[in-house]
Amino acid sequence: MAIDGLIVLDNNGLAIIQSGFRSSNPAYPLLHIHALKTALNKATQPADVDPVLYVPTLQHETPSACCHVKHGELRFLCPVSGDLDPLYVFAFLRTFMDILQEYFGHISADTLRDNFDVVYQLLEETLDASGHPSTTYPNALRDIVLPPSLLQKVLIAAGVNGLAGSSSNTHPFASPIPWRKTGVRYNNNEIFFDIVEELKAIVNKNGTPTVSTVWGKIISTSKLSGTPDISLTLSNAQVLNDCSFHPCVRLPRWARDKHLSFVPPDGGFTLMEYRYAPAGSHPVAVPVMIKSLVTIDERTLDLTLTSRLTTRAIERIAVEWYLGDGVTGASCIASNNASWTFDPRTLRLRWEMKSVSPSSSYNLRGSFTSTSKNVRPSRAFRVTFEIGQHSFSSLKVEQLKLSGELYKPYKGVRGKSIGDIEWRW
């Protein structure tokens, strides 16, 4: 009962990375690739495909499952046999993608092909022969698998691998703390915190949220020398529920007084994730208002979007609307230098506003054409947006104390809110 292996597919459905599989039939990975391609072909939209697919195997072998996630143009697949919790598999996939992003910055098919040797080394270290996750801390992995660099590639191409690896740590796992290397030194000691919160909501045609949930996370970037021990005090921490933490966080301290006590990893990491639950079980207010006048018979639309904020601008607002099968085009007029596009492939109308000032309104008016007599557009708009220096929970970093080292670090904190709203009409 473990993860049988890992397969990475490009946007054409071709395998570019494939691990070895535990004593299985050579056709075993192909069955899972075929099952995913079949499900994608049958679905009207790729998002409709279940993340866990049943895969019937050959002859008398035990049936298996295919757990898959999409990342950009790539798809990561994990075939699984036996009784195994899919969340265990998805947690490994998320961790492995984070490791690839840590090593390469941007994950794409070209990046993986150019660094396939590093990818396979990472796969060998993160997933053992029994199919269980092994070393998954980036700081520990860097002591074993060198991140790619131009100098390293030139030396390997010249056949001098010894020089290419001479800069690596001669004693991997020498640190008593798995997530932090020993001997870290910086001229400027600083640590940054990004509080990112995402509002997911469903709003009825009267503008009242029927469902609204805020998911947040604190992303940190640490550039601190030595082995610092940090105590972080948050304001309004009592409204945080369903919290999950990086392994560096001492859980008893959080359970006792809602303080974050930890020795941070070197570099970037997610310190904690949480769900914001406002007092009194009231829904979180949506910062925009949409008034719509849609006439399906005449195939016309008139949308007005108004900001409910009084002090901050809302950035990168986009309103998407699926117009339905048979629609051939649209003609609209957007106010305030906003823009609109119609995608004939996805049949979606997209209205974009770069920045909406506090309490201001924007309007989109137009019509669409269709070859179908009975047009059936979506009964909801999808609204996405960003708000800088803002958080729905009013969470702030009140105080940072450092012990174990003599310096006083620089602390930087910023917040950002994003929204993904289904607005029904």
Side-chain angles (χ1 to χ4, degrees), residues 47 70-72 94 97-98 101 105-107 192-203 207 209 211-221 234-236 239-240 268-278 283-292 303-322 334-341 343 346 348-364 380-397 412-424:
K70 193 173 189 301
H71 184 89
R94 181 71 263 171
M97 288 188 289
D98 289 342
Q101 199 153 6
H106 174 67
I107 307 175
F192 302 95
F193 299 97
D194 286 297
I195 301 175
V196 182
E197 295 185 344
E198 181 178 13
L199 170 64
K200 289 184 174 290
I202 298 176
V203 181
V211 177
S212 63
T213 307
V214 173
W215 298 98
K217 56 185 175 181
I218 301 178
I219 303 172
S220 179
T221 301
L234 303 175
S235 66
N236 209 28
V239 300
L240 306 184
F269 64 100
T270 300
L271 180 61
M272 70 174 293
E273 299 184 14
Y274 58 87
R275 178 177 62 86
Y276 165 54
V284 180
V286 177
V288 296
M289 179 69 185
I290 292 182
K291 293 183 179 180
S292 61
L303 307 180
T304 301
L305 183 144
T306 304
S307 171
R308 286 174 167 169
L309 299 183
T310 57
T311 57
R312 294 188 183 278
I314 305 177
E315 310 288 339
R316 299 179 182 178
I317 296 186
V319 180
E320 282 191 357
W321 187 31
Y322 175 69
S335 66
N336 301 76
N337 294 322
S339 62
W340 68 273
T341 56
D343 190 339
T346 60
R348 292 182 181 274
L349 179 68
R350 183 177 177 87
W351 178 26
E352 294 181 311
M353 293 145 278
K354 292 182 179 179
S355 179
V356 174
S357 304
S359 304
S360 62
S361 297
Y362 282 62
N363 180 262
L364 179 72
F381 306 104
R382 184 188 179 191
V383 186
T384 57
F385 57 85
E386 293 183 6
I387 309 174
Q389 299 299 325
H390 176 272
S391 67
F392 296 105
S393 64
S394 300
L395 187 69
K396 296 180 181 178
V397 176
V413 182
R414 62 183 178 182
K416 184 176 75 170
S417 296
I418 57 180
D420 191 347
I421 314 298
E422 180 183 308
W423 198 290
R424 297 175 178 174

Check for a donor-acceptor pair, side chain of [X] on one end and backbone N or O of [Y] on the other, with a separation under 3.5 Å.
{"X": "Lys217", "Y": "Ile219", "result": "no"}
{"X": "Thr221", "Y": "Gly268", "result": "no"}
{"X": "Ser359", "Y": "Thr310", "result": "no"}
{"X": "Arg312", "Y": "His390", "result": "no"}
{"X": "Ser235", "Y": "Lys396", "result": "yes"}

In chain order, what residues pass the salt bridge (Lys or Arg N to Asp or Glu O under 4.0 Å) check against Glu198, with sequence neighbours excluded? Lys200

Between Arg316 and the options Glu386, Lys354, Glu352, the side-chain contact (heavy atoms from CB on, under 4.5 Å) test singles out Glu386

Which heavy atom of [X] sits nearest a heavy atom of [Y], and at what distance?
{"X": "Ala334", "Y": "Ala338", "result": "CB-O, 3.7 Å"}
{"X": "Pro358", "Y": "Ser307", "result": "CA-OG, 4.1 Å"}
{"X": "Asn363", "Y": "Leu303", "result": "ND2-O, 3.0 Å"}
{"X": "Pro278", "Y": "Val284", "result": "CG-CG2, 4.1 Å"}
{"X": "Tyr362", "Y": "Ser355", "result": "OH-O, 3.0 Å"}
{"X": "Ile107", "Y": "Met97", "result": "CD1-O, 3.3 Å"}

When you compare the side chain of [Y] with that of [X], does any pair of heavy atoms fall below 4.5 Å?
{"X": "Ser361", "Y": "Val356", "answer": "no"}
{"X": "Ile418", "Y": "Phe385", "answer": "no"}
{"X": "Ile421", "Y": "Ile202", "answer": "no"}

Please report the C-alpha distance between Phe381 and Trp423 in whole Å, then the side-chain angles of each, then the deciding distance to 0.1 Å, and finally whether the ring pair (Phe, Tyr, Trp, His ring centres under 6.0 Å) criterion is met. CA-CA 5 Å; Phe381 306 104; Trp423 198 290; 8.7 Å; no

Any chance the side chains of Ser394 and Asn236 put a donor and an acceptor closer than 3.5 Å? no

Thr341: what forms a side chain to side chain donor-acceptor pair (under 3.5 Å) with it, not counting sequence neighbours? none

Residue Lys291 excluded, over 12 heavy atoms near NZ under 6.0 Å: no

Pair Asp343 + Arg350, salt bridge at N-O below 4.0 Å: no

